[in-house]
Amino acid sequence: MGTQIRVQTEDFDLAREYQAQRERLEPAGACGAIACFAGLVRDQYQGEAVGELFLEHYPGMTEASIEALVAKAAARWELLDVLVIHRVGALLPTDQIVLVSVASPHRAEAFAACEFVMDYLKTDAVFWKREVLGERGAHWVESTAADRARVAGWQTQGSGADKQ
Amino acid sequence: MATIAVQVRFFASLREALGHESLQCQVPNGCSLAQLLRELDRQLGEASTALRAENVRVAVNQSLVSTELALNAGDEVAFLPPVTGG
């Protein structure tokens, strides 16, 4: 299985990354499905306007934390290639934050693994988000109970596409 | 007793609370977490209580530790507030 994990300040071009992933696939003919997810900065947080989002990370450990959660996905589903691009630094509303693209023989695995990787990025990936809000000023975002519930859900139930 | 030098790093809200991104510490060889915290109390004063918060995790050489520390010379210890990516 191919894996590409990048942590970068630069924006990404989804079409270019998708094409590069297709060209990376080996054997190419085995792939029946690619599921892509892009995460974006919204302009609202709990009713307040978001000014800026700053993403901090721990170089080395952050990449390793993403590798670990991708490895969990690869152990669980039959995957051909996983791409994760996660931006860091100063971002503004409407900016792209993260790209997850999963290639697999079949769509069930591609959809499930893509969602799994995103859910685990929310709770396990080593990043910190400093959000500047209209009234409240700057605060550090934490993963929510909903985020943790989604991860708990992956731990207790199969997706039907799990490897036997 | 022989002391060793370790690097301690603080991230995000902890860095803000402590006013430091990183510190060099001289600690006993095989230093435990409790010993490290006492040294950090000495260097940082009252602000170091933030390091004892239940949701703070500790990494040594970029791996989370769940058992007791036993530090070696040149180790990098990081105190990590709750993470969120995506």
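Note: hydrogens, waters and symmetry copies are ignored here, and every other heavy atom, side chains too, is used. Sequence lines set the chain letters: A, B, ... in the order given, protein chains first and strands last, and positions in each chain run from 1.
Contact annotation for residues 138-145 of chain A against chain B (heavy-atom separation below 4.5 Å, listed by residue number): A:W140, A:V141, A:E142, A:S143. Applying a 4.5 Å heavy-atom cutoff, the residues of residues 122-133 of chain A that approach chain B are A:K122, A:T123, A:D124, A:A125, A:V126, A:F127, A:W128, A:K129, A:R130. Residues of residues 13-51 of chain A lying under 4.5 angstrom from chain B, judged on non-hydrogen atoms, do not exist here. Contacts of residues 10-19 of chain B with chain A at a heavy-atom distance below 4.5 Å involve B:F11, B:A12, B:S13, B:R15, B:E16, listed in sequence order.
Side chain to side chain, B:R9 and B:Q7 fail the donor-acceptor criterion of an N or O pair below 3.5 Å. Using a 3.5 Å distance cut-off with no hydrogens or angles, the side chains of B:E68 and B:S32 do not pair a donor with an acceptor.
A distance-only check finds no donor-acceptor pair linking the side chain of B:N61 to the backbone of B:D75 [under 3.5 Å].
Atom CD of B:Q24 has more than 12 heavy atoms from other residues, nucleotides or ligands within 6.0 Å. Surrounding CD of A:Q155 are more than 12 heavy atoms belonging to other residues, nucleotides or ligands, all under 6.0 Å away. No more than 12 heavy atoms of other residues, nucleotides or ligands shown are found within 6.0 angstrom of CD on A:E78. More than 12 heavy atoms of other residues, nucleotides or ligands shown are found within 6.0 angstrom of CD on A:E10.
In this structure, B:N29 and B:T3 have side chains that are not in contact, with every pair of non-hydrogen atoms separated by 4.5 Å or more. A heavy-atom distance below 4.5 Å is not found between the side chains of A:K72 and A:W154. Counting heavy atoms from C-beta on, the side chains of A:H86 and A:L55 come closer than 4.5 Å. For the pair A:I5 and A:V70, the minimum side-chain heavy-atom distance is below 4.5 Å. Residues A:D81 and A:T3 are not in side-chain contact: their nearest non-hydrogen atoms beyond the backbone lie 4.5 Å or more apart. Counting only heavy atoms from C-beta outward, the side chains of B:L80 and B:V56 never approach each other to under 4.5 Å. No side-chain heavy atom of A:L53 sits under 4.5 Å from any side-chain heavy atom of A:L92. With a 4.5 Å cut-off on side-chain heavy atoms, A:S104 and A:L80 do not count as touching.
Look at B:D41 and B:R52 and you find a salt bridge, because one of the NZ, NE, NH1 or NH2 atoms lies within 4.0 Å of a carboxylate O, short of that distance.
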